[in-house]
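Each remark here refers to the structure printed beneath this line.
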Amino acid sequence: MKKAELLIRKAKFSKRYRGYYYLLQCIELVFADENRLCALSKEVYRPIAEKYQVSCRCIERDIRTARDYAWQRGGKEILEEISGGVFYESPSVGELIEILAVYLREETEREHTA
């Protein structure tokens, strides 16, 4: 999904981190079915972990690393802009996935109704 990749690049995520690719796949899974947010480990992290033969903890840790990098380089402002909120600390990985996937879904729906 090209739009998801453009969105995380806009949010200052770098392709230098494995977490970038994991986050991209997490967004795509949640975009396809928002109910997956209710079981992140089982329905989002696990399929990706199995694909790359790593643990679910590894997936989450690598996304946190990528998030921290993006956060320090202006990603905070982008996330505040797209979520409509103010962050005093970086969001959890689950919150990050939710913010990006929901924003992407809303943008896609707006395009289809316009």
Side-chain angles (χ1 to χ4, degrees):
M1 175 181 284
K2 190 70 173 167
K3 289 182 183 185
E5 190 165 4
L6 291 173
L7 178 60
I8 64 174
R9 294 292 295 164
K10 178 181 177 183
K12 310 297 184 188
F13 283 83
S14 173
K15 289 183 175 184
R16 292 184 302 165
Y17 295 93
R18 280 185 303 235
Y20 171 96
Y21 301 98
Y22 297 156
L23 177 60
L24 185 59
Q25 291 177 49
C26 289
I27 293 168
E28 291 172 353
L29 287 171
V30 171
F31 180 85
D33 181 2
E34 269 186 31
N35 291 322
R36 289 183 171 132
L37 285 169
C38 296
L40 270 177
S41 290
K42 181 179 176 185
E43 296 187 22
V44 179
Y45 300 156
R46 187 176 297 155
I48 297 168
E50 288 172 358
K51 177 179 178 180
Y52 292 99
Q53 298 179 339
V54 296
S55 69
C56 291
R57 283 184 171 172
C58 179
I59 299 294
E60 192 168 17
R61 182 198 62 225
D62 288 347
I63 293 173
R64 271 196 315 270
T65 300
R67 176 207 59 200
D68 293 347
Y69 173 87
W71 193 256
Q72 295 170 354
R73 282 158 184 70
K76 175 184 187 275
E77 290 77 20
I78 304 301
L79 290 175
E80 288 179 337
E81 179 185 320
I82 67 174
S83 71
V86 176
F87 292 100
Y88 298 102
E89 57 185 40
S90 57
S92 69
V93 172
E95 291 169 334
L96 178 65
I97 293 166
E98 179 180 4
I99 290 165
L100 295 169
V102 168
Y103 177 80
L104 201 58
R105 179 177 295 282
E106 290 171 354
E107 283 297 302
T108 302
E109 288 172 0
R110 271 188 229 124
E111 289 174 4
H112 286 103
T113 59

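Going from atom CG of L29 over to atom CG of D33 covers 9.5 Å, rounded to the nearest 0.5 Å. Remark: K2 NZ to R9 CZ distance equals 10.0 Å, nearest 0.5 Å. Here R57 contributes atom CZ and Y45 contributes atom OH; the two are 12.5 Å apart, rounded to the nearest 0.5 Å. Annotation: the span from Q25 atom CD to I48 atom CD1 amounts to 5.0 Å, rounded to 0.5 Å. Summarising the geometry, atom CG belonging to L23 is positioned 11.5 Å from atom CD belonging to E60; distances are rounded to the nearest 0.5 Å. To the nearest 0.5 Å, the span separating CD on E107 from CD1 on I82 amounts to 9.0 Å.
The closest side-chain heavy-atom distance from V102 to E106 is below 4.5 Å. Using a 4.5 Å heavy-atom threshold, the side chains of L96 and L79 count as touching. Residues E34 and R105 form a side-chain contact, since some pair of their non-hydrogen atoms from C-beta on lies under 4.5 Å apart. In this structure, D62 and Y52 have side chains that are not in contact, with every pair of non-hydrogen atoms separated by 4.5 Å or more. Contact check for E50 versus R46: side-chain heavy atoms found under the 4.5 Å cut-off.
Counting non-hydrogen atoms of neighbouring residues, nucleotides and ligands closer than 6.0 angstrom, the CZ atom of R64 exceeds 12 such neighbours.
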Review point. After noting the C-alpha distance and the side-chain angles of E80 and K76, does the key distance pass the side-chain contact (heavy atoms from CB on, under 4.5 Å) rule?
Key: CA-CA 6 Å; E80 288 179 337; K76 175 184 187 275; 3.0 Å; yes
Point to revise | Derivation of the side chain to side chain donor-acceptor pair (under 3.5 Å) call for Y69 and R16 | key: CA-CA 10 Å; Y69 173 87; R16 292 184 302 165; 3.0 Å; yes
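Under the 4.5 Å side-chain contact rule for hydrophobic residues, I8 and Y17 do not share a cluster.
Minimum heavy-atom separation, P47 to E43: CG-O, 3.6 Å. Here the closest non-hydrogen pair linking E95 and P91 is OE1-CA, 3.3 Å. Heavy atoms only, all atoms of each residue included: L37 and E98 are closest at CD1-CG, 3.8 Å. For the pair Y20 and S14, the tightest heavy-atom approach, listed with the atom from each and the gap, is CB-O, 3.2 Å. Residue C56 comes nearest to A49 through the heavy atom pair N-CB, 3.9 Å, listed as atom of the first residue, atom of the second, then distance.
When each of I63, I27, V44 is tested with Y22 by the rule side chain to side chain contact (heavy atoms under 4.5 Å, CB included), just one qualifies, namely I63.
The pair E5-K15 meets the salt-bridge criterion, with a side-chain N (NZ, NE, NH1 or NH2) lying under 4.0 Å from an Asp/Glu carboxylate O.
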